[in-house]
Engineer: 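Below is one structure. I have some questions about it.
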Amino acid sequence: MPLFLATVALPTSLATIYFGLLASDVYVSESRFVVRSSGKPSASPLGAILGGSGLSNASGDSYAVVDYVESRNALADSNRDGLVRKIYSRSDISLFDRFDSPFRGESLEHLYEYFGNKVAIEFDASTQVTTMTVKAYTPEDARQLNERLLQSSEQLINRLSERGRIDAIQSAQAQVDKARTAARNATVALAEFRNSSGVIDPEKQAEINLQMVSKLQDALISERAQLAQLQLYTPRNPQIPAVRTRIKTLQQEIAQLAGNTAGTPRSLSAAAARYQQLQFDAEFAGKQLATALAALQEAEGDARRKQIFVERIAAPNLPDYPLEPRRIRSILATLVLSLLLWGVIVTLIAGIREHRD
């Protein structure tokens with residue numbers, strides 16, 4: 001009889017007193033949402049439905065929300081004005097259920113542990129839907145805390161989206177700045193070369209010089225032919241000295257143009273090699289700048305298209321009936337477990353006595 005009282009009657013009586021008289025009603029507020037991205041395809045059923053609007057789900061970011069809600073940061077954000085301590089420390093809550101009871105500490109770690117037992121979040125990978133439930137001791141408190149956590153989750157996703165957008169654009173902008181500097185330096189180097197050499201384009205100038213040399217050589221041949229005829233038929237012709245002077249002048253001009261074109265360190269052919277290198281560098285830098293600008297435009301477009309945000313499916317509800325504690329079921333469960341424990345102990349005692357006999 002004492003064994004029955006200790007293992008069955010006492011636990012059942014305590015459970016009846018607690019669940020029947022002391023335990024406070026618990027209201028559960030639930031919200032549902034999906035984390036969507038405008039730039040990622042999704043093959044899930046819900047993603048196929050959302051795909052009609054050009055949007056898709058971002059499961060990786062959904063897991064980020066789950067980790068956030070279960071973190072100390074979520075508690076700190078929700079309790080920034082003391083809301084969490086307030087709603088779980090009401091005087092009308094049972095001494096055994098509220099946070100500021102003599103049975104538990106009041107540190108942030110104790111509050112975090114208590115908070116973790118009141119807030120639950122689950123991500124369904126098949127439907128891409130995240131469900132968050134909050135337990136409190138009044139319907140208004142449950143909905144208010146759920147709404148605050150949902151808003152904090154939305155802010156987290158917005159920060160992640162903005163950070164990814166800024167990082168992508170800053171990286172592309174850095175490439176543009178680098179390419180612009182290289183293009184500017186190449187242009188300046190080409191301009192300085194032209195100023196120092198006094199030639200806009202050595203290759204074109206060399207072509208002009210060669211054309212002039214060709215014309216001068218034609219004129220030289222003509223003058224030599226005229227001189228030969230004069231010396232042959234009229235050796236004393238007074239025009240012979242003038243023709244010889246023109247021939248000498250043409251020879252000097254041809255030699256000067258030929259020297260400017262090739263054969264000397266400061267000739268156009270020597271400058272052309274340096275000019276070609278500088279021109280290649282300027283063209284290459286210009287192409288790099290064009291490519292970087294195109295990449296920047298693409299990054300900006302992707303950032304606009306790939307924004308991540310929270311889409312609410314079901315807003316936090318205002319519960320009108322306490323779902324917990326399940327008083328009768330809890331009392332009956334205590335009774336059944338107590339009877340099982342009592343039966344096991346009685347059986348062990350009977351076995352021990354039989355073994356002694």
Side-chain angles (χ1 to χ4, degrees), residues 26-51 53 55-85 87-88 99 107-137 139-168 303 305-319 323-324:
V26 177
Y27 295 87
V28 180
S29 177
E30 181 181 277
S31 61
R32 295 173 181 265
F33 59 89
V34 293
V35 179
R36 303 206 303 195
S37 170
S38 56
K40 299 178 183 178
S42 175
S44 66
L46 185 58
I49 297 174
L50 298 175
S53 62
L55 301 172
S56 59
N57 297 294
S59 58
D61 299 294
S62 298
Y63 285 115
V65 172
V66 172
D67 292 339
Y68 167 75
V69 172
E70 294 176 345
S71 70
R72 291 172 173 80
N73 287 342
L75 172 60
D77 294 339
S78 302
N79 195 47
R80 58 183 179 273
D81 56 355
L83 176 66
V84 177
R85 285 183 180 271
I87 66 176
Y88 291 119
F99 172 69
S107 66
L108 289 177
E109 286 299 320
H110 289 97
L111 181 61
Y112 174 68
E113 182 180 0
Y114 184 91
F115 176 80
N117 294 326
K118 301 301 180 183
V119 176
I121 186 168
E122 180 179 359
F123 172 64
D124 190 338
S126 61
T127 62
Q128 303 289 309
V129 176
T130 304
T131 303
M132 182 165 58
T133 57
V134 175
K135 299 178 181 179
Y137 296 100
E140 294 78 10
D141 289 344
R143 182 172 67 175
Q144 183 180 7
L145 182 55
N146 197 322
E147 177 66 29
R148 179 165 291 191
L149 286 169
L150 189 54
Q151 290 178 358
S152 297
S153 300
E154 291 172 344
Q155 293 171 2
L156 170 70
I157 291 299
N158 292 338
R159 289 197 302 270
L160 293 176
S161 179
E162 181 67 12
R163 187 181 306 162
R165 185 188 70 84
I166 291 176
D167 289 346
R305 290 191 300 269
K306 295 182 179 181
Q307 291 183 352
I308 307 169
F309 54 92
V310 173
E311 181 70 19
R312 298 188 183 191
I313 296 177
N317 67 302
L318 181 66
L323 297 180
E324 297 179 9

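As a basis for the values below, the full set of heavy atoms in this structure was taken, side chains included, without hydrogen atoms, waters or symmetry mates.
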Engineer: In chain order, what residues pass the ring pair (Phe, Tyr, Trp, His ring centres under 6.0 Å) check against Phe33, with sequence neighbours excluded?
Structural biologist: none
Engineer: Does a donor on one side chain sit under 3.5 Å from an acceptor on the other, for Ser31 and Asn146?
Structural biologist: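 Short answer, yes.
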Engineer: Carefully, step by step, assess Val119 and Thr133 under the rule side chain to side chain contact (heavy atoms under 4.5 Å, CB included).
Structural biologist: CA-CA 6 Å; Val119 176; Thr133 57; over 6 Å; no
Engineer: Are Tyr137 and Ile87 packed together at the side-chain level, in the sense that at least one heavy-atom pair is separated by less than 4.5 angstrom?
Structural biologist: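 No, their side chains stay 4.5 Å or more apart.
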Engineer: Quick one: salt bridge (Lys or Arg N to Asp or Glu O under 4.0 Å) partners of Glu162, sequence neighbours excluded?
Structural biologist: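 Partners of Glu162 under the salt bridge (Lys or Arg N to Asp or Glu O under 4.0 Å) test: Arg165.
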Engineer: Please report the interatomic distance CG(Leu150) to CZ(Arg148), rounded to the nearest 0.5 Å.
Structural biologist: 13.0 Å
Engineer: Evaluate the side-chain proximity of Glu140 to Tyr27: yes if any heavy-atom separation is below 4.5 Å, no if none is.
Structural biologist: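 Side-chain contact under 4.5 Å: no.
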Engineer: Run the side chain to side chain contact (heavy atoms under 4.5 Å, CB included) test against Asp67 and tell me which residues pass, sequence neighbours left out.
Structural biologist: none
Engineer: To the nearest 0.5 Å, tell me how far Arg159 CZ sits from Gln155 CD.
Structural biologist: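 Result: 6.5 Å between the selected atoms.
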Engineer: Return yes if some donor-acceptor pair links the side-chain N/O of Ser29 with the main-chain N/O of Val134 below 3.5 Å, else return no.
Structural biologist: no
Engineer: Hey, does the side chain of Gln128 reach the backbone of Ala125 with a donor-acceptor pair shorter than 3.5 angstrom?
Structural biologist: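 The answer is yes, because a donor-acceptor pair under 3.5 Å joins these two groups.
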Engineer: Leu108: what forms a side chain to side chain contact (heavy atoms under 4.5 Å, CB included) with it, not counting sequence neighbours?
Structural biologist: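 Listed in chain order: Arg85.
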Engineer: Which residues satisfy the side chain to side chain contact (heavy atoms under 4.5 Å, CB included) test with Gln144, sequence neighbours excluded?
Structural biologist: Leu83, Asp141
Engineer: Would you indicate whether the side-chain heavy atoms of Val26 and Leu323 approach each other to under 4.5 Å?
Structural biologist: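 When only atoms from C-beta onward are counted, Val26 and Leu323 do not touch, as no gap falls below 4.5 Å.
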Engineer: Residues in side-chain hydrogen bond (donor to acceptor under 3.5 Å, both in side chains) with Tyr114, at least two apart?
Structural biologist: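 Counting only residues at least two positions away or on another chain, Tyr114 forms no side-chain hydrogen bond (donor to acceptor under 3.5 Å, both in side chains).
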Engineer: May I ask you to test the Val34-Ile313 pair for a side-chain heavy-atom distance under 4.5 Å?
Structural biologist: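 They are in side-chain contact.
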Engineer: Side chains of Tyr68 and Asn73: closer than 4.5 Å at any heavy-atom pair?
Structural biologist: yes
Engineer: Taking only residues two or more places apart in sequence or in another chain, which ones pass ring pair (Phe, Tyr, Trp, His ring centres under 6.0 Å) with Tyr112?
Structural biologist: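 If we apply the ring pair (Phe, Tyr, Trp, His ring centres under 6.0 Å) test to Tyr112, skipping adjacent residues, there are no hits.
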Engineer: Shortest non-hydrogen contact from Val84 to Phe115?
Structural biologist: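 The answer is CG1-CD1, 4.1 Å.
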Engineer: Going by salt bridge (Lys or Arg N to Asp or Glu O under 4.0 Å), name the residues that satisfy it together with Arg143, two or more places apart in sequence or in a different chain.
Structural biologist: none
Engineer: Are Arg32 and Thr131 linked by a side-chain donor-acceptor pair shorter than 3.5 Å?
Structural biologist: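 Yes, because at least one side-chain N or O of Arg32 sits under 3.5 Å from a partner of the opposite role on Thr131.
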Engineer: Can you list the residues that meet the side chain to side chain contact (heavy atoms under 4.5 Å, CB included) rule with Ser161, with sequence neighbours excluded?
Structural biologist: Gln307, Ile308
Engineer: Quick one: pull up CG in Leu149 and CG in Leu156 and give me the separation to the nearest 0.5 Å.
Structural biologist: 12.0 Å
Engineer: Would you say CD of Gln151 has more than 12 non-hydrogen atoms from neighbouring residues, nucleotides or ligands within 6.0 angstrom?
Structural biologist: yes
Engineer: Walk me through whether Ile157 and Glu154 qualify under side chain to side chain contact (heavy atoms under 4.5 Å, CB included).
Structural biologist: CA-CA 5 Å; Ile157 291 299; Glu154 291 172 344; 5.9 Å; no
Engineer: Does any non-hydrogen side-chain atom of Ser62 lie less than 4.5 Å from one of Thr130?
Structural biologist: yes
Engineer: Can you name the residues that form a salt bridge (Lys or Arg N to Asp or Glu O under 4.0 Å) with Glu324, not counting sequence neighbours?
Structural biologist: Lys135
Engineer: Any donor-acceptor pair under 3.5 Å linking the side chain of Asn79 with the backbone of Leu75?
Structural biologist: no
Engineer: Contact between Tyr88 and Leu145 at the side-chain level, heavy atoms closer than 4.5 Å - yes or no?
Structural biologist: yes
Engineer: Would you mind listing every salt bridge (charged side-chain N to carboxylate O under 4.0 Å, His left out) that reaches into residues 116-128, with sequence neighbours excluded?
Structural biologist: none
Engineer: Can you list the residues that meet the salt bridge (Lys or Arg N to Asp or Glu O under 4.0 Å) rule with Glu147, with sequence neighbours excluded?
Structural biologist: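 Glu147 satisfies salt bridge (Lys or Arg N to Asp or Glu O under 4.0 Å) with Arg312 once adjacent residues are dropped.
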Engineer: To the nearest 0.5 Å, what is the distance between CZ on Phe123 and CE on Met132?
Structural biologist: 14.5 Å
